[in-house]
Protein chains: 2
Amino acid sequence: MVTQKRVRANTRPRRGYGQYCALAKALDVIGDRWTLLIVRELLLRGPCRYTDVRNGLPGIATNLLAERLRELEATGILRREDAPPPVATTLLRLTARGEALRSVVHAIGRWGGSLLGEQIKDDAFCSHWLAMPLDLYLTDRAPKRPPIAIEVRSGDEPIVIETANGAVRTRIGRAANPDAVLTGPAPLVLRVLMGKLTVGEAKTHGVRYVGDPRALQRVRPV
Amino acid sequence: MVTQKRVRANTRPRRGYGQYCALAKALDVIGDRWTLLIVRELLLRGPCRYTDVRNGLPGIATNLLAERLRELEATGILRREDAPPPVATTLLRLTARGEALRSVVHAIGRWGGSLLGEQIKDDAFCSHWLAMPLDLYLTDRAPKRPPIAIEVRSGDEPIVIETANGAVRTRIGRAANPDAVLTGPAPLVLRVLMGKLTVGEAKTHGVRYVGDPRALQRVRPV
DNA sequence: CAGCATCCGCTTTGATACTG
DNA sequence: CAGTATCAAAGCGGATGCTG
């Protein structure tokens, strides 16, 4: 008798912890390798294509990404939707439940901040990853004054730090009229923004800063 | 000649994401299977023995637990210490860095709460796991009044809900003089404490409540 | 090219047995 | 009590191939 091979096609048996505990149940869903990094990409980029997600995840195997996306869709964390008329492609968008993972990603990111300082060695880096620490630590020191924008160029994609009614938001893209532009290697750029390194010191290591010097003070972390 | 066994000892190659990102670095350390559940046990129990941790993690393989504990020690999340004179054993205790994971565990637990309501089927349950949702959601509605204690018996170990200067803390153990004692199956007990089920309704399903009825109101969640 | 699926070799995990 | 030893099964990484 022939043994059944491809029995259950594309549904994994899902190896869960089997514990009646919110943490365990959550980890059943978001605890697999790469899963939270996929969520990170969708949180930072907003709705985007398969390929965009993959570009933000150097090292992931394509089949694994496809599988994770299927799982995330099945668990109601993201959904696929057709892009508006101009381009004909499928967009991946976080659901409300997926957006709610921002608090989780922030908590882990904040905890992991202390592990980051050391060195890069041959770590991959994508400039939009800067957005997370910036959103986490920067504050608007002068909420009453007119908003400012700082453009940061540190890798493939430029990002913009904007003050908007008291909060600091970081997004991928360019500023129409930036008050300052900061350019250089990521660890240094980050240290400058975090106030751990003066612009003067950083400039001797390849960082460039053009524009209003007060812009940096404006968003300095507490 | 005796062959050396302990050659490669305890250093794995460690398969990290290789990304210069706080989230990825954190997941390199706490992203492996079982790791955060081990941290949960240490957070809920405080310093305890290997066996205590294992009892709180039904299904874990002993070698895996031993390996994870080694990794957590190496990454500075816990440390081993000799127990005080009476008992001669090794205690596992979270370091400050490990305690800082409470915010991470809480964030994930809060997110995972919505996944929990459904059914138990054949999920394992340990009564001390109740402590997390209780710490997350209960509040002291009358901080000025004398503190109260509610004992909950829902499984192997009793736990105590205590109000202490405005906060609600849950711990493993018994209350010397509880204002109320709640007994019954976990999902029901939880629903009662969360205010989603009245004591009267719960009693028809096997829940017992003995003591001051106002104790329950006192710690009701917002 | 975007968006996968398939195959293969290696690593991690799970279950059990055994030891100081 | 606190692990180590062993081995099968599942998961993962990388390469490659297929389809619209």
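Note on naming: letters A, B, ... go to the chains in the order of the sequence lines (proteins, then strands), and numbering restarts at 1 for each one.
A/R80 forms no cation-pi arrangement with A/Y50, by the criterion of a distance under 6.0 Å to the ring centre and an angle within 45° of the ring axis.
Between B/T51 and the phosphate of D/dA2, there is a side-chain N or O to OP1/OP2 separation shorter than 4.0 Å. A sub-4.0 Å separation between OP1 or OP2 of D/dC12 and a side-chain N or O of B/R15 is absent. Between A/W34 and the phosphate of D/dG11, there is no side-chain N or O to OP1/OP2 separation shorter than 4.0 Å. An OP1 or OP2 oxygen of D/dA2 is reached within less than 4.0 angstrom by no side-chain nitrogen or oxygen of B/R54. Within the structure, a side-chain polar atom (N or O) of A/R80 is placed less than 4.0 Å from OP1 or OP2 of C/dC4.
Between B/T170 and B/E162 the shortest side-chain heavy-atom distance does not fall below 4.5 Å.
Here the C1' atom of nucleotide C/dG3 and the CG atom of A/L69 are 10 Å apart, to the nearest Å. Atom pair A/Y17:OH and C/dA15:C1' shows a separation of 17 Å (rounding to whole Å applied). Following rounding to the nearest Å, B/E81 (CD) and D/dA2 (P) show an atom-to-atom distance of 13 Å. Spacing between atom CG of A/D52 and atom P of C/dC4 amounts to 13 Å, rounded to whole angstrom units. Here D/dG11 presents its P atom at 15 Å from CG of B/D32, a figure rounded to the nearest Å. Atom CG of B/L57 is separated from atom C1' of D/dA2 by 15 Å (rounded to the nearest Å). Atom CZ in B/R33 sits roughly 9 Å away from atom C1' in C/dG14 (whole-Å rounding). In this structure, B/Y50 places its OH atom 9 Å from P of D/dA2, rounding to the nearest Å.
Helix-axis bend for the helix from C/dC1-D/dG20 to C/dG20-D/dC1: the local axis fitted to the five terminal pairs at one end deviates from that at the other end by 30°, rounded to 10°.
Residues B/D52 and B/R45 are not paired through a salt bridge, judged by the lack of any N-O separation under 4.0 Å between the basic side chain and the carboxylate. At a threshold of 4.0 Å, the pair A/R68-A/E71 counts as salt-bridged, since one of the basic side-chain nitrogens sits closer than that to a carboxylate oxygen.
Interatomic distance, A/L94 CG to A/C48 SG, rounded to the nearest 0.5 Å: 8.5 Å.
DNA chain D is contacted by B/R49 of residues 35-49 of chain B, taking any non-hydrogen atom closer than 4.0 Å.
Under the 3.5 Å distance criterion, with hydrogens and angles disregarded, a donor-acceptor pair is assigned to the side chains of A/W129 and A/E41.
At least one donor-acceptor pair under 3.5 Å links the side chain of B/R171 to the backbone N or O of B/R174. With hydrogens and angles disregarded, a donor-acceptor distance shorter than 3.5 Å links the side chain of B/D28 to the backbone of B/Y17. A side-chain donor-acceptor contact under 3.5 Å links B/R40 to the backbone of B/G56. A/S154 contributes a side-chain N or O that, together with a main-chain N or O of A/G184, makes up a donor-acceptor pair within less than 3.5 Å.
Atom CG of A/N165 has 12 or fewer heavy atoms from other residues, nucleotides or ligands within 6.0 Å.
Partner of B/R93 under the salt bridge (Lys or Arg N to Asp or Glu O under 4.0 Å) criterion, chosen from B/E99, B/E73, B/E81: B/E81.
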Next item on the list: Starting at the 5' end of nucleotides 14-20 of chain D, put B wherever the base has a protein heavy atom under 4.0 Å, S where only the sugar-phosphate does, and a dash everywhere else.
Entry: B------
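In terms of position along DNA chain D, the nucleotide closest to B/T89 lies nearer the 5' end than the nucleotide closest to the other residue of the pair B/T89 and A/L64.
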